[in-house]
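Here is the structure we will look at.
All ligand and atom numbering here is 1-based and tracks the order in the structure. Keep in mind that what you see is a predicted model, and the values were worked out from it rather than measured.
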Amino acid sequence: MAAPLVTDAHRAGQRVGLTFDKLVIDGGKPLRGRVDVRGAKNLATKAMVAALLADTPSTLLDVPDISDVKVVTGMLEAYGVSVASPEPGTLILDPANVERAHFAQIDALAGSSRIPILFCGPLLHRLGEALIPDLGGCRIGDRPIDFHMDALRAFGAIVDKSYEGFRLTAPNGLKGAFIDLPYPSVGATEQVLLTAVLAEGVTELKNAAIEPEIMDLVAILQKMGAIIWMEPNRTIFIEGVEKLHGYTHRALFDRNEAASWASAALATRGDIFVAGAKQQELMTFLNVFRKAGGAFDVREDGIRFWHPGGALKPVQVETDVHPGFMTDWQQPLIIALTQAEGVSVVHETVYENRFGFTSALVDMGADIVVHKDGLESITRRVPRRPLEQAAVITGPTPLHGADVVVPDLRGGFSYLIAALAARGRSTISNVGIISRGYEHFGEKLEALGADFTVES
Ligand code: EPU
């Protein structure tokens, strides 16, 4: 169904003042230059929700100008939080006058974001009620919210499902709980953290996600007055406190954006300095990048990524929870792998449907076969459900221009890279979706010497 996607893309683009929804790219030119990467989409948006828990204002620094941040800003404002931006990249969030919002307003604002569900705990604490619309986000699998709702029930919330979403109440308040996640879900771990910090008593969370963005959220909550500690084997304890105050925090850099530009350098035989990228959160990516034949140099203020010449090498990759290879890194990397000499295999184990974007790449000349039931795989660290898929990429295959439609955020960025690496002209539609997670990508492409024009 093309129509809803077009609407989502336009809305997302409009939120950050994007004046175009189509890029016409003349590929075959290496990307060279510098891009600046700011705070992570997957941290900044959650840090904004955390501000709701405080009784004084919070200041978040390095906030990216992306549409998901605009969505959360709108939602916070609907709940009476004042959100000021004294300068680009800085948000001051004042929760002094938190109040109820109309469901229709929240529903309209939530758009295509997954963040609204994280408002549950903070709203239950502040207002005793949370109304959560049906969620959007990238169409990369079923994306259920059962872990979230089970966790909230364990805290004592009552969850009523209506045709328009969920209504949660907590007539007896929220109490610390024992929660053992069936899978180390990022969102469910954040849900537990944001709920447990003000719940009465101690919460023990087993099988928690430990992504760097989660650790940064824990750091923020600790700054706010929370008591949180970790034990081995993915266990987090949270001792509820009576109140929290505002924080000042510089958001962790966006490692997904950094890995995307790195892959763009490799696929286009270019050379990109990603200012703001740090080694520690990218170690797993850097190993794969090096094995595939990419070169990098870690500096004080960022990381330089480049194609050192010669042939790229095929790799075997399995996406995983942290510290594994992130599911959000596979899409841009796959473009570079189409240029490697030999057969690469990428197993997707986090989402059940995250290779849909590859069919357009085949139209552009790539040799990619998706095995819906996966292939025999290497030893695993974390037990998980049997929903993996495998993409087998045989290279090198020259890519040629094509007309493609952005299907989701990461797949969409990989189309940009493919078009930039391809010979000839490509038209990429629905690029508004890319503004959900990539700040000022048009300006950045221009700075890197990409040859493109825009159409609305
Ligand atoms: N899952 C369930 N039930 C739940 C929650 C999750 O079955 O209640 C499943 C999901 O369907 C999925 C797996 O658990 O198969 C992992 O999902 P997780 O909850 O970890 O993902 P998320 O919190 O929805 C965040 C990022 C994603 C990123 C994943 C994995 C945000 C807003 N989104 O999603 O980012 O891929 O963690 O690291 O933080 C993106 O940035 O493009 C993006 C999709």
Exercise for the section: Could you tell me whether some N/O pair between Y183 and ligand 1 is separated by less than 3.5 angstrom? Expected result: no
Handout entry: Enumerated ligand 1 atoms positioned under 4.0 Å from heavy atoms of L409
Key = 42 (O)
Exercise for the section: For P144 and ligand 1, answer yes if some heavy atom of the residue is under 4.0 Å from a ligand atom, otherwise no. Expected result: yes
Problem - Proximity of W261 and F413 rings by center, below 6.0 Å - result: yes
Handout entry: Shortest reach to atom 25 (C) of ligand 1 by a heavy atom, considering only L181, V321, D146, V186
Key = V186
Practice task
Using a strict 4.0 Å threshold on nitrogen-to-oxygen distance, state whether D36 and K444 make a salt bridge.
Solution key: no
Completion exercise
Short version for M326: what comes under 4.0 Å of ligand 1, heavy atoms counted, is side chain
Practice task
Evaluate the criterion salt bridge (charged side-chain N to carboxylate O under 4.0 Å, His left out) for residue pair R410 and D408; output intermediate values, then yes/no.
Solution key: CA-CA 6 Å; R410 307 294 167 196; D408 61 66; over 6 Å; no
Handout entry: Any E348 heavy atom less than 4.0 Å to ligand 1
Key = no
Practice task
Answer yes or no: is there an ion pair linking E213 with K46, defined by an N-O contact shorter than 4.0 Å?
Solution key: no
Practice task
With heavy atoms only and a cut-off of under 4.0 Å, state how R354 meets ligand 1: side chain, backbone, both or neither.
Solution key: side chain
Problem - Part of H148 within contact of ligand 1 (heavy atoms, under 4.0 Å) - result: both
Handout entry: Atoms in ligand 1 with a heavy atom of V350 nearer than 4.0 Å
Key = 12 (C), 13 (C), 15 (O), 16 (C)
Practice task
For G187, take its heavy atoms, then give the atoms of ligand 1 lying under 4.0 Å from any of them.
Solution key: 19 (O), 23 (O)
Exercise for the section: Mark yes or no for whether R38, through its side chain, and D62, through its backbone, hold a donor-acceptor pair below 3.5 Å. Expected result: no
Handout entry: Identity of the nearest option to atom 22 (P) of ligand 1, non-hydrogen atoms only, from W329, Y351, F147
Key = Y351
Exercise for the section: Answer with side chain, backbone, both or neither: which part of D328 has a heavy atom less than 4.0 angstrom from an atom of ligand 1? Expected result: side chain
Practice task
Please state whether I115 comes within less than 4.0 angstrom of ligand 1, counting heavy atoms only.
Solution key: yes
Practice task
Specify side chain, backbone, both or neither for E190, according to which of its non-hydrogen atoms lie closer than 4.0 Å to ligand 1.
Solution key: neither
Problem - T327 versus E348, side-chain donor and acceptor atoms under 3.5 Å - result: yes
Handout entry: Reference residue R354; test side-chain hydrogen bond (donor to acceptor under 3.5 Å, both in side chains); the match among T319, T349, D328
Key = D328
Problem - Proximity of K46 to ligand 1 by residue part, where a heavy atom lies under 4.0 Å - result: side chain
Handout entry: Sub-4.0 Å heavy-atom contact, H322 with ligand 1
Key = no
Practice task
Determine the interplanar angle of the W329 and F325 rings, folded into 0 to 90°, and report it as parallel if under 30°, tilted if 30 to 60°, perpendicular if over 60°.
Solution key: perpendicular
Problem - Numbered atoms and elements of ligand 1 in range of T327, under 4.0 angstrom, heavy atoms - result: 30 (C), 36 (O)
Exercise for the section: Indicate the ring-plane relationship of F296 and F305, choosing parallel, tilted or perpendicular according to the 30° and 60° boundaries. Expected result: tilted
Handout entry: Donor-acceptor contact below 3.5 Å, side chain R126 vs main chain A54
Key = yes
Handout entry: Note, L193 side chain near I214 side chain (heavy atom, < 4.5 Å)
Key = yes
